[in-house]
Amino acid sequence: MIKPKEEIYQYYFYFIQERMNIFWNKYNNTQPWTNDEILSVHKFTNVYRAMDRVSQYLIRNVIYNENSFSDEDVLLRIIVFKIFNKPDTWEYLENRVGVITVKNFDLNRINQALLELKQIQPIFNNAYMMTGTHSLYNHLNYKHEKWLEMVKNELIGKSILKKIINSKSLSGVYELLRNCSFIGDFLAYQYTIDMNYSSVIDFSENSFVKAGIGAIRGIKKCFEPLSKKYNFEDAIKYTQNNFEKYQNKFGYTDFRPLFGRIPTLIDLQNCFCETDKYLRAKIPELQVDNKRIKQKYKESPKPLELFFPPKWNINSNILIPCIQPSTQESTLF
């Protein structure tokens with residue numbers, strides 16, 4: 001049985017509407033962006049995963065740039081970028097060793113360049129927990145060497161990239177990635193969605209979902225304990241199937257989707273993670289594997305140019321292609 005705790009579940013729909021309002025207020029340069037103190041002070045991702053800055057960079061600069069790449073090259077570029085998940089590292093790397101392709105994947109040059117950068121600044125984004133230990137690769141000294149060696153040995157050497165190109169489903173792509181060293185459930189799902197932004201594969205984002213640890217915490221807060229018949233992914237699908245019903249029930253009917261695109265399972269999964277973070281501050285006594293909400297919001301001084309996978313057919317709906325940073329220094333968000 002899947003049964004929401006409605007007194008808590010309502011905050012999921014509140015978060016989705018208010019976080020999206022913030023996006024639209026920034027898009028239209030309308031102050032204040034929000035009156036919600038929690039959303040003003042703490043860092044939350046967007047309702048739509050593809051809206052976040054790193055995803056926007058990936059889509060525009062790594063996948064759909066002006067160069068022409070083979071399908072295998074596109075997937076390799078995505079996985080190498082996502083290992084570090086950091087535009088600074090990517091730009092440095094391509095400036096040092098050239099455009100990343102299968103033919104140009106020279107680990108000696110890449111590892112040496114990254115080792116030099118590592119002396120100056122972190123090369124990994126801290127958004128994801130990336131393990132640096134695996135029995136097959138522990139003979140190497142550094143985490144980046146281990147991960148990139150895995151890419152060479154498994155994704156390229158064992159033709160996983162080619163198998164992904166020929167995969168018949170989103171879940172099939174996930175399983176191929178999940179069987180690679182270092183890549184657990186969460187990363188396999190994230191990388192699958194990243195690859196699906198490209199034109200190499202094209203599956204519905206509503207055809208498969210995998211709940212991450214943060215989303216599971218949010219689901220546990222929002223739902224009564226699930227019976228053995230259901231899993232956390234079923235709770236996400238339940239939310240999708242009853243989205244309008246609960247929007248109406250809780251009074252959050254002013255949600256404006258992203259240029260006409262309805263949130264998909266990856267977005268709804270992500271919002272359970274963000275709702276968990278919101279509830280830690282809003283209802284701290286609601287203890288479900290609680291962790292203190294840590295990251296404070298700090299506005300990027302860089303503008304954000306909007307661009308989505310062309311196959312989504314929403315880029316033509318963007319009237320203001322570049323969101324500028326706020327010029328009101330006293331405004332927190």
Side-chain angles (χ1 to χ4, degrees), residues 2 4 9 12-24 44-56 58-60 63-64 78 82 127 164 167-175 177-178 185-216 218-219 222-223 230-247 252-253 255-276 306-318:
I2 299 178
Y9 194 43
Y12 177 85
F13 291 88
Y14 166 77
F15 171 82
I16 286 179
Q17 177 165 298
E18 187 59 19
R19 185 65 186 86
M20 201 62 202
N21 284 343
I22 292 170
F23 166 75
W24 287 118
F44 292 90
T45 64
N46 283 275
V47 171
Y48 292 82
R49 180 181 185 273
M51 265 303 307
D52 290 332
R53 282 183 176 270
V54 175
S55 293
Q56 282 286 292
L58 169 75
I59 295 167
R60 175 183 284 274
I63 300 176
Y64 295 100
I78 292 170
K82 289 299 296 185
I164 289 173
S167 181
K168 303 299 183 188
S169 66
L170 202 63
S171 61
V173 175
Y174 168 86
E175 291 298 335
L177 290 167
R178 181 65 184 85
D185 292 350
F186 177 77
L187 286 181
Y189 182 47
Q190 298 298 315
Y191 295 167
T192 297
I193 295 298
D194 290 317
M195 290 180 172
N196 203 49
Y197 289 152
S198 76
S199 60
V200 177
I201 55 174
D202 186 15
F203 302 110
S204 168
E205 288 187 354
N206 290 326
S207 63
F208 176 71
V209 65
K210 191 70 180 177
I213 293 174
I216 290 172
I219 291 167
C222 291
F223 287 87
Y230 298 102
N231 56 33
F232 296 114
E233 288 75 23
D234 290 325
I236 299 170
K237 294 173 186 173
Y238 173 91
T239 298
Q240 183 182 51
N241 293 336
N242 295 278
F243 198 75
E244 288 188 13
K245 169 187 168 181
Y246 283 106
Q247 279 182 312
Y252 299 121
T253 56
F255 172 76
R256 292 177 57 198
L258 181 70
F259 305 110
R261 182 177 172 86
I262 302 299
T264 63
L265 287 175
I266 178 65
D267 304 314
L268 299 178
Q269 188 269 164
N270 185 61
C271 285
F272 272 111
C273 181
E274 299 308 296
T275 301
D276 166 59
L306 300 175
F307 183 73
F308 300 95
K311 60 188 175 183
W312 289 8
N313 294 317
I314 63 172
N315 287 323
S316 61
N317 298 335
I318 302 172

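All values below come from the heavy atoms of this structure, side chains included, with hydrogens, waters and symmetry mates left out.
Atom CD of Gln190 is separated from atom OH of Tyr174 by 10.5 Å, given to the nearest 0.5 angstrom. Residue Gln247 holds its CD atom at 11.5 Å from OH of Tyr252, rounded to the nearest 0.5 Å. Rounding to the nearest 0.5 angstrom, the gap separating the CD1 atom in Ile78 from the CD1 atom in Ile63 is 4.0 Å. The distance from the OH atom of Tyr191 to the CZ atom of Phe186 is 9.5 Å, given to the nearest 0.5 Å. Separating the CG atom in Asn317 from the CG atom in Leu306 is a distance of 12.0 Å, to the nearest 0.5 Å. Rounded to the nearest 0.5 angstrom, Ile266 CD1 and Thr192 OG1 are separated by 9.5 Å.
When side chains are defined from C-beta on, Leu170 does not count as touching Ser204, because their heavy atoms never get closer than 4.5 Å. In this structure, the side chains of Ile16 and Pro263 stay at 4.5 Å or more apart for every pair of heavy atoms. Using a 4.5 Å cut-off on side-chain heavy atoms (C-beta onward), Phe307 and Asn315 make contact.
Using cut-offs of 30° and 60° on the angle between ring planes, the pair Phe259 and Trp24 is perpendicular. Classified by interplanar angle (parallel below 30°, tilted 30° to 60°, perpendicular above 60°), the ring pair Trp312/Tyr197 is perpendicular.
Applying the side chain to side chain donor-acceptor pair (under 3.5 Å) definition to pairs two or more places apart or across chains, those involving residues 205-214 are Glu205-Arg261, Glu205-Thr264, Asn206-Gln240. Each salt bridge (Lys or Arg N to Asp or Glu O under 4.0 Å) pair with one or both residues in residues 306-316, not counting sequence neighbours, appears once here: Asp202-Lys311. The salt bridge (Lys or Arg N to Asp or Glu O under 4.0 Å) analysis of residues 189-201, with sequence neighbours excluded, yields the pairs Arg49-Asp194, Lys82-Asp194.
In this structure, Phe23 has its ring center no closer than 6.0 Å to that of Tyr48.
Taking the side chain to side chain donor-acceptor pair (under 3.5 Å) definition, one finds that Thr239 meets it with Tyr9, sequence neighbours left out. In this view, Glu175 satisfies the side chain to side chain contact (heavy atoms under 4.5 Å, CB included) rule with no residue, not counting sequence neighbours. Residues passing the salt bridge (charged side-chain N to carboxylate O under 4.0 Å, His left out) test with Arg60 are Glu305, sequence neighbours excluded. Listed by chain and residue number, Ile164, Val173, Met195, Asn196, Phe203 satisfy the side chain to side chain contact (heavy atoms under 4.5 Å, CB included) test with Ile201 (two or more places apart in sequence, or in another chain). In this view, Tyr189 satisfies the side chain to side chain donor-acceptor pair (under 3.5 Å) rule with no residue, not counting sequence neighbours. The side chain to side chain contact (heavy atoms under 4.5 Å, CB included) check on Thr45 picks up Asp52, Asn270, Glu274, with sequence neighbours excluded. Among residues two or more places apart in sequence or in another chain, the side chain to side chain donor-acceptor pair (under 3.5 Å) test is passed with Ser169 by Ser171. Under the side chain to side chain donor-acceptor pair (under 3.5 Å) criterion, Tyr246 pairs with Tyr238, not counting sequence neighbours. Legend: residues meeting salt bridge (charged side-chain N to carboxylate O under 4.0 Å, His left out) with Asp185, ordered by chain and number and at least two apart, are Arg178.
Taking both residues in full, the closest heavy atoms of Ala50 and Ile59 are given as CB-CD1, 4.1 Å, listed atom of the first, atom of the second, then distance. Among all heavy-atom pairs drawn from Gly172 and Ser167, the shortest one is C-OG, 3.6 Å. What you find for Gly214 and Asp276 is that their closest heavy atoms are O-CB, 3.9 Å. Ile2 and Ala235 get closest at one heavy-atom pair: CD1-N, 4.2 Å.
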* To do: Start with the C-alpha distance between Asp234 and Asn231, add both sets of side-chain angles, then the distance that settles side chain to side chain contact (heavy atoms under 4.5 Å, CB included), and finish with yes or no.
  => CA-CA 5 Å; Asp234 290 325; Asn231 56 33; 3.1 Å; yes
* Asked: Does the side chain to side chain contact (heavy atoms under 4.5 Å, CB included) test come out yes or no for Phe272 and Phe232, once each step is laid out?
  -> CA-CA 11 Å; Phe272 272 111; Phe232 296 114; over 6 Å; no
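Not a single donor-acceptor pair under 3.5 Å links the side chain of Gln56 to the backbone N or O of Met51. With hydrogens and angles ignored, the 3.5 Å screen pairs a side-chain donor or acceptor of Thr275 with a backbone N or O of Cys271. Panel note: side chain Tyr64, backbone Phe308; no donor-acceptor pair is recorded below 3.5 Å.
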